[in-house]
Every structure is written in structure tokens, then in C-alpha cells.
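This report refers to the structure that appears directly beneath it.
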Amino acid sequence: MPIRKAVIPAAGLGTRFLPVTKAVPKELLPILDKPMLQYVVEEAVEAGIKEIILVVSPGKESIAEYFQPREDLERRLRESGALDLAAKVHQASNLARVSFVIQAQPLGLGHAVLMAREAVAEEPFVVILPDDIIVHSPGALAQMLEVYDRCGGGVIAVETVGWESVQNYGVVDIGDQGGRVGRVGQIKGVVEKPPRDQAPSNLAIVGRYILPHAVFDCLERTKPGALGEIQLTDGLHLLLQTHQLFSYEFLGRRFDGGRPLGLLRAALEFALDRDDTKEELMSLMATLSLERAELPDRRRHN
Ligand code: G1P
């Protein structure tokens, strides 16, 4: 069955970005001029996804606004000759069919995905966590869909991380190396945010999942786990009793858009890749490091 729908949980409080997230949802914070959310929606569309289901919490209405057409603004931009800007504004509201479901209480990622059950209906689907920005062509999701076409079951994106940070992630157990074919491993177990000494590996789950519909029944049965929340990883643990899940080490570079410095780093690297910003940024960075070398203790900002 072709995969047509993507669920994007965007209901978190964005505490790492307070106070800005008092008024602006984290998912709309920009990497240069485009919200984080748009990068992952574009990755989904590139992979052939037709419908995006955003799970939001009350107070995040501006996310819906972002996907609405703004004909008045487009007209003004066209009239003033800013055709490229008019095209960007148009594109943001024409990416895919976007619908919304509300997660009224912050009960965890697994619970947020469960809220999309009706909207997904009886189909396999993908889950994309918008904090994880992955740069590659073809995109991570397109790569994973190829694996899904070959292997079926479910496919979870993973990345090798330092052992000191396994406790921040869901971690997969794929047994010994014999269970791995190229970038694909057969998952034997999953655990959310394990302490280092209990982690089955340092293969961390990254925010891209292709899942069978049966995961919803598992999430219904999932009890609160790490951090007292209903975890998606714990739902996957139950799913493993009846379905095969494969890990996939994607090609590409991941940025952690869930932290201010991760987002800043993404912005810097994206700007270095763009013809219209590269030169200016390079010379700005050279100037900054010279100034700091001369006056290391002088702080201009906090
Ligand atoms: C979530 C998932 C975790 C996964 C991570 C990837 O954790 O629960 O399994 O490894 O995203 O970014 P969070 O970052 O919300 O703590």
C-alpha cells in the first residue's frame, strides 16, 4: 500500500526556546528565512507524501496560519515587482494538503501520534519529528521509503551517537553485526532514553518513522514511561511482538533544531551553502573571530 500521509507532532512547549516560544511555536522558528517545519514538510512532499497531519496543542494556531494562502500579500509583492518573494509566499501555502488535530494535554510523543489515529485511517503512514532537520538529496524519508518497499514492516531512521548521549534518545537493539545488511538492521528491541550502562547500542532513533497502522493499537496500550510520558518508542516495543521493524542509517547530515545552538548551527551551514549568503557570512565570521582574538574578554551581548 503506498504511503500517502505524514503525521508531524508539533504540540510541545518548546521550553528550550523560552521566552520566544511564549508567542511563536518552536516549529515556526526559522533557519534563515524558512521555518523549520517547512523543511520537513518539503522532505515529505519530495518523498511522495500527499497529506500532512499536524498534531498541535492549543495556542499554536499560528502554525495553521502559516499554511493559509495570503493572496493580498502575494498581489502586493507582484505589483511591486518582487516576484521571487511572491513565489515563496505562494509556495508555503501550496506544499501539500495540511490538516490539524489537537493534543489537548501534553502526555508525550506516543500520545501525540495516537491523536492522529482517525486522520490516518487504516493505512501505513510516516511520522516526522520537525526538530530533526536532515540535509541530503534524496531526502531521508525518500531513502527510507525505498527500504520499506523492499522490506515492508516498519522502518525507523537511526544514527550512531556518542555513548555519553544515548540517554537523550530512543535506542535500538539490532543484535550483533550479523543482523545488519548495509544500512539496514532488523530491530530486536527498542528502549527510550536508557542510562548509558543499560543501552543496548549507540544507534539512536532520529525523527523519521514509517509505521504500520497497527502501531495505534499498541499506543492505546502504552503506559507512561521515561519522563512520565507516553513514549512512541514504548509503543514500538509492543509493535515488535507482531511486526518486523527495520532500522535504517540514513545518508545525510542531521541538525538538532530542538536547541538554540543546533538551530544556529543549521542556519550557519545553510547560509554557507547558499550562493546569496555564503560570501557575506564567510567574511562576517572572519571578522568576528579576529575581533574576539584581539579582545577575548569583551562581551557585547549576553
Ligand atoms: C524523541 C523520541 C526519541 C528520539 C528523538 C529523536 O525524543 O522520543 O526516541 O530518539 O525524539 O530526536 P525527544 O527529542 O522528544 O526527547
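A quick note: this is a predicted structure, and the numbers were derived from the prediction, not measured.
- One N or O on the side chain of His213 and one on the backbone of Ala121 form a donor-acceptor pair closer than 3.5 Å.
- Under 4.0 Å is where a charged nitrogen must lie from a carboxylate oxygen, and between Lys26 and Asp131 at least one such pair does.
- The salt bridge (charged side-chain N to carboxylate O under 4.0 Å, His left out) test with Glu123 is passed by exactly one of Lys50, Arg4, Arg117: Arg4.
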Walk me through whether Leu236 and Leu240 qualify under side-chain contact (heavy atoms from CB on, under 4.5 Å).
CA-CA 6 Å; Leu236 300 180; Leu240 273 172; 5.9 Å; no
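- Ion pair Arg70/Asp72 flagged as a salt bridge, since at least one NZ, NE, NH1 or NH2 atom sits closer than 4.0 Å to an Asp/Glu carboxylate oxygen.
- With rounding to the nearest 0.5 Å, the separation of CD1 in Ile205 from OG1 in Thr233 is 4.0 Å.
- In this structure, Arg253 and Ile134 have side chains that are not in contact, with every pair of non-hydrogen atoms separated by 4.5 Å or more.
- A distance-only check finds no donor-acceptor pair linking the side chain of Lys34 to the backbone of Ala92 [under 3.5 Å].
- Checked for salt-bridge contact, Lys88 and Asp33 meet the test: a charged N lies under 4.0 Å from a carboxylate O.
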With side-chain contact (heavy atoms from CB on, under 4.5 Å) as the test, would you mind laying out the steps for Val40 and Arg208 before giving the verdict?
CA-CA 10 Å; Val40 296; Arg208 306 287 184 274; 3.7 Å; yes
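- Atom CZ of Arg16 and atom OG1 of Thr21 lie 11.5 Å apart (nearest 0.5 Å).
- When side chains are defined from C-beta on, Leu219 counts as touching Leu232, because their heavy atoms get closer than 4.5 Å.
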Run the ring-ring contact (aromatic ring centres under 6.0 Å, His included) check on Phe270 and Tyr39 step by step: do they pass?
CA-CA 12 Å; Phe270 280 46; Tyr39 289 92; 5.2 Å; yes
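- Between Glu74 and Arg78, at least one side-chain nitrogen of the basic residue sits less than 4.0 Å from a carboxylate oxygen of the acidic one, meeting the salt-bridge criterion.
- Ring-plane geometry between Phe216 and Phe125 is classed as parallel, the angle between the planes falling under 30 degrees on a 0 to 90 degree scale with a further cut at 60.
- Follow the hydrophobic side-chain contacts under 4.5 Å out from Leu32 and you reach Leu37 in the same cluster.
- Looking at Leu141 and Tyr148, their side chains never come closer than 4.5 Å, going by heavy atoms from C-beta outward.
- Taking a 6.0 Å sphere around CD of Gln68, one finds it holds more than 12 heavy atoms contributed by other residues, nucleotides or ligands.
- Counting heavy atoms of neighbouring residues, nucleotides and ligands inside a 6.0 Å radius, atom CZ of Arg274 exceeds 12 of them.
- Gln143 contributes a side-chain N or O that, together with a main-chain N or O of Leu251, makes up a donor-acceptor pair within less than 3.5 Å.
- Checking Gln38 against Tyr66 by side-chain atom types alone, a donor-acceptor pair falls below 3.5 Å.
- Residues Val161 and Ile133 fall into different hydrophobic clusters, defined by Ile, Leu, Val, Met, Phe, Trp and Tyr side chains chained together at heavy-atom separations under 4.5 Å.
- Considering CD1 of Ile52 and OG of Ser99, their distance stands at 9.0 Å, rounded to 0.5 Å.
- Between Gln91 and Glu42, some side-chain heavy-atom pair lies under the 4.5 Å cut-off.
- Across every non-hydrogen atom of Leu54 and Ala10, the tightest pair is CD2-CB, 4.2 Å.
- Between Glu220 and Leu114, some side-chain heavy-atom pair lies under the 4.5 Å cut-off.
- Side chains of Val98 and Leu95 form no contact here, defined as non-hydrogen atoms less than 4.5 Å apart.
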Candidate pair Leu129 and Leu109, rule side-chain contact (heavy atoms from CB on, under 4.5 Å), full reasoning:
CA-CA 10 Å; Leu129 306 187; Leu109 178 60; 3.7 Å; yes
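- Here the options are Val184, Asp173, Ile187, the test is side chain to side chain contact (heavy atoms under 4.5 Å, CB included), and the partner is Ser247; only Ile187 passes.
- Between Glu269 and Arg265, at least one side-chain N (NZ, or NE/NH1/NH2) sits under 4.0 Å from a carboxylate O, which counts as a salt bridge.
- No more than 12 heavy atoms of other residues, nucleotides or ligands sit less than 6.0 Å from atom NE2 of His237.
- In this structure, Tyr209 has its ring center at least 6.0 angstrom away from the ring center of Tyr248.
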Leu77 and Val89: side-chain contact (heavy atoms from CB on, under 4.5 Å), yes or no, with the steps?
CA-CA 9 Å; Leu77 289 166; Val89 171; 3.8 Å; yes
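- Of the possible polar contacts, none joining the Glu229 side chain to the Gly110 backbone as a donor-acceptor pair under 3.5 Å is found.
- The neighbour count for Met282 CE, taken as heavy atoms of other residues, nucleotides or ligands under 6.0 Å away, does not exceed 12.
- When every heavy atom of Ile63 is checked against every heavy atom of Glu27, the shortest pair comes out as CD1-OE1, 3.9 Å.
- The shortest heavy-atom contact between Gly153 and Pro212 is O-CD, 3.9 Å.
- Under the 4.5 Å side-chain heavy-atom criterion for Ile, Leu, Val, Met, Phe, Trp and Tyr, Leu29 and Leu13 are members of distinct hydrophobic clusters.
- Closest approach of Ile128 and Ala44 over heavy atoms only: CD1-CB, 3.7 Å.
- Here the straight-line distance linking atom OH of Tyr169 with atom CD of Glu192 works out to 11.5 Å at 0.5 Å rounding.
- Counting heavy atoms from C-beta outward, Ile174 and Lys188 have side chains that stay 4.5 Å or more apart.
- Within 6.0 Å of atom CD in Glu146, 12 or fewer heavy atoms from other residues, nucleotides or ligands are found, so the atom counts as exposed in its surroundings.
- The backbone N or O of Gly139 sits less than 3.5 Å from a side-chain atom of Glu46, completing a donor-acceptor pair.
- Transitive grouping of hydrophobic side chains (ILVMFWY, heavy atoms separated by less than 4.5 Å) keeps Trp163 and Leu203 in distinct clusters.
- In this structure, the side chains of Phe246 and Gln186 come closer than 4.5 Å at one or more pairs of heavy atoms.
- For the atom pair Arg76 CZ and Leu85 CG, the distance stands at 12.0 Å (nearest 0.5 Å).
- Between the Lys5 side chain and the Val120 main chain, a donor and an acceptor come within less than 3.5 Å of each other.
- Among all heavy-atom pairs drawn from Ala23 and Pro25, the shortest one is O-CD, 3.9 Å.
- Rounding to the nearest 0.5 Å gives a distance of 13.0 Å between CG of Leu83 and NE2 of His90.
- Clustering ILVMFWY residues whenever any of their side-chain heavy atoms sit less than 4.5 angstrom apart, transitively, puts Val215 in the very cluster that holds Met115.
- Smallest separation of non-hydrogen atoms from Gly235 and Cys218: O-CB, 3.5 Å.
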